[in-house]
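Written out below as structure tokens is the structure these notes cover.
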Amino acid sequence: AIDAIVDVVGAAILVHQLKPDRILCSRINVGSGYVQCAHGLMDIPAPATAAILEGIPRATPVFEGELCTSTSAALIKYYVQEFVA
């Protein structure tokens with residue numbers, strides 16, 4: 001979808017412009033509950049998001065709803081060098 005392309009290109013431009021020495025991230029809060037997808041009602045995180053986030057530390061869900069999409073998970077997986085508490 002167009003919004004995912006804009007997110008990825010925007011993030012790439014931002015990281016290129018900022019030229020950070022490294023990128024850190026806290027544990028990922030994916031949310032909880034269910035989300036309506038093209039394939040029907042799915043648990044949060046959706047299967048694609050869960051697969052991308054394998055091995056990445058997650059926070060205990062506090063809010064209901066989808067807080068991390070597959071696009072944001074892919075950006076996190078690609079750019080983050082270290083996860084901090």
Side-chain angles (χ1 to χ4, degrees):
I2 297 295
D3 62 323
I5 294 169
V6 170
D7 291 345
V8 170
V9 171
I13 290 169
L14 178 65
V15 171
H16 178 76
Q17 291 289 330
L18 291 173
K19 296 177 180 49
D21 293 328
R22 63 186 186 148
I23 298 176
L24 308 177
C25 185
S26 63
R27 293 175 174 270
I28 306 303
N29 190 340
V30 296
S32 66
Y34 302 92
V35 65
Q36 183 67 41
C37 297
H39 304 290
L41 194 62
M42 296 190 170
D43 288 331
I44 293 174
T49 304
I52 294 167
L53 291 175
E54 266 187 44
I56 292 176
R58 295 190 205 169
T60 303
V62 177
F63 300 104
E64 191 167 313
E66 185 178 38
L67 300 177
C68 183
T69 65
S70 56
T71 303
S72 59
L75 289 168
I76 291 164
K77 183 115 181 184
Y78 184 79
Y79 284 113
V80 173
Q81 287 115 7
E82 183 181 344
F83 290 88
V84 294

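Atom SG of C25 sits about 11.0 Å away from atom CD of Q81, to the nearest 0.5 Å. Residue R27 holds its CZ atom at 8.0 Å from OG1 of T60, rounded to the nearest 0.5 Å.
In this structure, K77 contributes its side chain and E54 its backbone to a donor-acceptor pair below 3.5 Å.
Listed here is the closest heavy atom pair of P47 and M42: CD-SD, 3.5 Å. Considering all non-hydrogen atoms of both residues, V8 and L75 come closest at CA-CD2, 4.2 Å. In terms of heavy-atom proximity, Y34 sits nearest to L41 at CB-CD1, 3.7 Å.
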Self-check item: Chi angles and distances behind the side-chain contact (heavy atoms from CB on, under 4.5 Å) call for V30, L67
Solution: CA-CA 5 Å; V30 296; L67 300 177; 5.9 Å; no
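Two residues are said to be in side-chain contact when any heavy atoms from C-beta on lie closer than 4.5 Å; T49 and I44 fail this criterion. Put simply, the side chain of S72 does not reach to within 4.5 Å of the side chain of D7, judged on heavy atoms. Contact annotation: the side chain of R58 never approaches that of N29 to less than 4.5 Å [non-hydrogen atoms, C-beta and beyond]. Counting heavy atoms from C-beta outward, L24 and F83 have side chains that stay 4.5 Å or more apart. With contacts defined as side-chain heavy-atom distances shorter than 4.5 Å, the pair C37/V35 qualifies. A 4.5 Å side-chain heavy-atom check between E66 and P45 finds every atom pair outside the cut-off. When side chains are defined from C-beta on, I52 counts as touching S70, because their heavy atoms get closer than 4.5 Å.
Taking hydrophobic clusters as Ile, Leu, Val, Met, Phe, Trp and Tyr residues chained together by side-chain heavy-atom distances below 4.5 Å, I13 shares a cluster with I5. Linking ILVMFWY residues whenever their side-chain heavy atoms come closer than 4.5 Å, directly or via other members, leaves V6 and I76 in distinct clusters. By the rule that hydrophobic residues join a cluster once side-chain heavy atoms approach within less than 4.5 Å of another member, V15 and I28 end up as members of one cluster.
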